[in-house]
Trainee: 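What follows is a structure written as structure tokens; I'll ask about it next.
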Amino acid sequence: MSLQPFLDRLDQLQSDAQNAFDGAADADALEAARVTFLGAKNGQFKDVQKMLGGIEPADKRAAGMRLNDVKQAIHTAFETAQSQLGGGGSSQIEPGFDPSLPGRRPRLGHIHPITQTIDHLTEIMGRMGFEVAEGPEVEDPFHNFVALNIPEDHPARDPLDNFYLATAGTAVDIGEGDALLRSQTSTVQIRVMQERQNSAPGQPIRIISLGRVYRPDAPDATHFPMFHQMEGLFVDEHVTMANLKTVLRVFANNYLGDDVEIRFRPSFFPFTEPSVEVDFLWNGTWIEFGGAGMVDPNVFEAVGYDPEKVSGFAFGLGVERLCMRRHGITDIRDLYSGDLRFLQQF
Ligand code: PHE
């Protein structure tokens, strides 16, 4: 075979292939065209390649070079058509993308177990008619001590037992003495009674307050310098200790279980009289969850209530303690270590 017809055949092949690739409307049509022209067995290129054997030896080199050029051109035309199909339609799938793989789950945030506990306690107490009140974590001595019947020389005010806010040795004065991080949520009793004197005089009070308190305790399995309390305050006419016990029993049965029993042990708090420690019988053991008592007449007087007319009870329970018992947590530090492996269990 002479050279020119061979070269003409190659030109024809190249333009046929180019047209077929350009005209392919989708991936299937393009693949069919690829088999027609580049198929390893019966592709048209293969056929023309076989004709190379019949070329005159003197023309072989020129024929071979042209054959390679055309092969390269056809491959390029195919790849161009392929990438144009791929880039065009939105239904096209990127090479390497496997639609059968499971999707990537977004990492969702998680509510901290103490926040979950606060929500739960709020819900239980809400069913008994207690509404939520709040107070600041930075307090003055009037609300943290004085109005709660804790006088100037009382050991509870010792700087070693409180976080007074001081800069460079000078205590911070926020108006009524040296500011401190509140050591108890009983401060909110005072704030609510002061506020209700104006907003709802003579109306009964039934509030809880859940929040952080601070004490300079060395951290161990049961102590942490910051923890949470649930304060309760009930003020009305003829409130009795039996009301207090009932509310706490109903609360314990709701939060810890129907079979939980409650016990009061005589105690002392400057702002309640009489005062008790509150124990719940949990899995056969009496465990102290906080303190309670009848609002001391001196507290009523400090906020302008007549102790001859009204009476009330107050309680303060440890939120971490409640949460830890319910969930079987044995070390309070786990709650605040920030270890997600621990926190994500709740
Ligand atoms: N504030 C007390 C404490 O932190 C608890 C308490 C609250 C006791 C209300 C009596 C009444 O220990």
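One-based numbering, in listed order, for ligands and for the atoms of each.
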Trainee: Describe, in one word, how the ring planes of F234 and F313 are oriented to each other, choosing from parallel (under 30°), tilted (30 to 60°) and perpendicular (over 60°).
Mentor: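 Geometry flag for F313 against F234: tilted rings.
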
Trainee: Could you grab the distance from atom CG of L181 to atom CZ of R215, nearest 0.5 Å is fine?
Mentor: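 Output value for this atom pair is 12.5 Å.
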
Trainee: Do the side chains of D16 and R9 get close enough for a salt bridge, i.e. N-O under 4.0 angstrom?
Mentor: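 A salt bridge is absent here (no side-chain N lies under 4.0 Å from a carboxylate O).
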
Trainee: Could you tell me which atoms of ligand 1, counted from 1 in the order shown, lie closer than 4.0 angstrom to a heavy atom of G316?
Mentor: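 Heavy-atom distances to G316 below 4.0 Å select 6 (C), 7 (C), 9 (C).
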
Trainee: How are the rings of Y305 and F300 set to each other: parallel, tilted or perpendicular (split at 30° and 60°)?
Mentor: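 Rings of Y305 and F300: tilted, 30 to 60°.
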
Trainee: Hey, is ligand 1 close enough to S183 that some N/O pair sits below 3.5 Å?
Mentor: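 Min N/O separation from ligand 1 is not below 3.5 Å for S183.
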
Trainee: Nearest to atom 8 (C) of ligand 1, what protein heavy atom do you find, and at what distance?
Mentor: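 Going by distance alone, atom 8 (C) of ligand 1 is nearest to G291 C, 3.5 Å.
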
Trainee: Testing the 3.5 Å rule here: is there a donor-acceptor pair between the side chains of Q12 and D8?
Mentor: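 There is no such pair (donor and acceptor under 3.5 Å, judged by atom type) between the side chains of Q12 and D8.
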
Trainee: Does any N or O of ligand 1 fall below 3.5 Å from an N or O anywhere on T272, backbone included?
Mentor: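 Looking only at distances, the answer is no, because the N/O contact criterion of under 3.5 Å is not met.
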
Trainee: Which of the atoms of ligand 1 are close to Q189, meaning less than 4.0 Å from one of its heavy atoms?
Mentor: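 Near Q189, meaning under 4.0 Å from one of its heavy atoms, ligand 1 has 9 (C).
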
Trainee: Side chain, backbone, both or neither: which part of A292 has a heavy atom under 4.0 Å from ligand 1?
Mentor: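 It is the backbone that gets close, since no side chain atom is under 4.0 Å.
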
Trainee: Measuring from the heavy atoms of F313, does anything fall under 4.0 Å of ligand 1?
Mentor: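 False for this residue.
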
Trainee: Between Q229 and Q184, do the side chains contain a donor N or O and an acceptor N or O under 3.5 Å apart?
Mentor: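 No pair is found: no donor N or O on one side chain lies under 3.5 Å from an acceptor on the other.
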
Trainee: Report the part of R215 in contact with ligand 1, treating N, CA, C, O as backbone and CB onward as side chain, heavy atoms under 4.0 Å; options are side chain, backbone, both, neither.
Mentor: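 Only the side chain of R215 comes within reach of ligand 1.
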
Trainee: How are the rings of H112 and Y336 set relative to one another: parallel (under 30°), tilted (30 to 60°) or perpendicular (over 60°)?
Mentor: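 Answer is parallel, since the angle falls under 30°.
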
Trainee: Go through the side-chain N and O atoms of D161 and S183 and say whether any donor and acceptor fall under 3.5 Å apart.
Mentor: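 There is no such pair (donor and acceptor under 3.5 Å, judged by atom type) between the side chains of D161 and S183.
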
Trainee: Need the ligand 1 atom indices (1-based, order shown) with element for anything under 4.0 Å from a heavy-atom of Q229.
Mentor: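 Reading through ligand 1 atom by atom, the close ones are 3 (C), 4 (O).
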
Trainee: Record the part of F271 in heavy-atom contact with ligand 1 below 4.0 Å; permitted values are side chain, backbone, both and neither.
Mentor: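 Within the 4.0 Å criterion, F271 contacts ligand 1 through side-chain atoms alone.
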
Trainee: In the protein, what heavy atom is nearest to atom 12 (O) of ligand 1, and what distance, to one decimal place, separates them?
Mentor: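 The closest one turns out to be F269 CE2, 3.8 Å.
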
Trainee: If I apply the N/O under 3.5 Å rule, does E231 come out as touching ligand 1?
Mentor: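 N/O-N/O distance below 3.5 Å does not exist for this pair.
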
Trainee: Report, in ascending order of atom number, the atoms of ligand 1 lying under 4.0 Å from any heavy atom of A314.
Mentor: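 Heavy-atom distances to A314 below 4.0 Å select 9 (C), 11 (C).
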
Trainee: Under 30°, 30 to 60°, or over 60°: which ring-plane class applies to Y214 and F163, parallel, tilted or perpendicular?
Mentor: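 If you compare the ring of Y214 with that of F163, the planes turn out perpendicular.
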
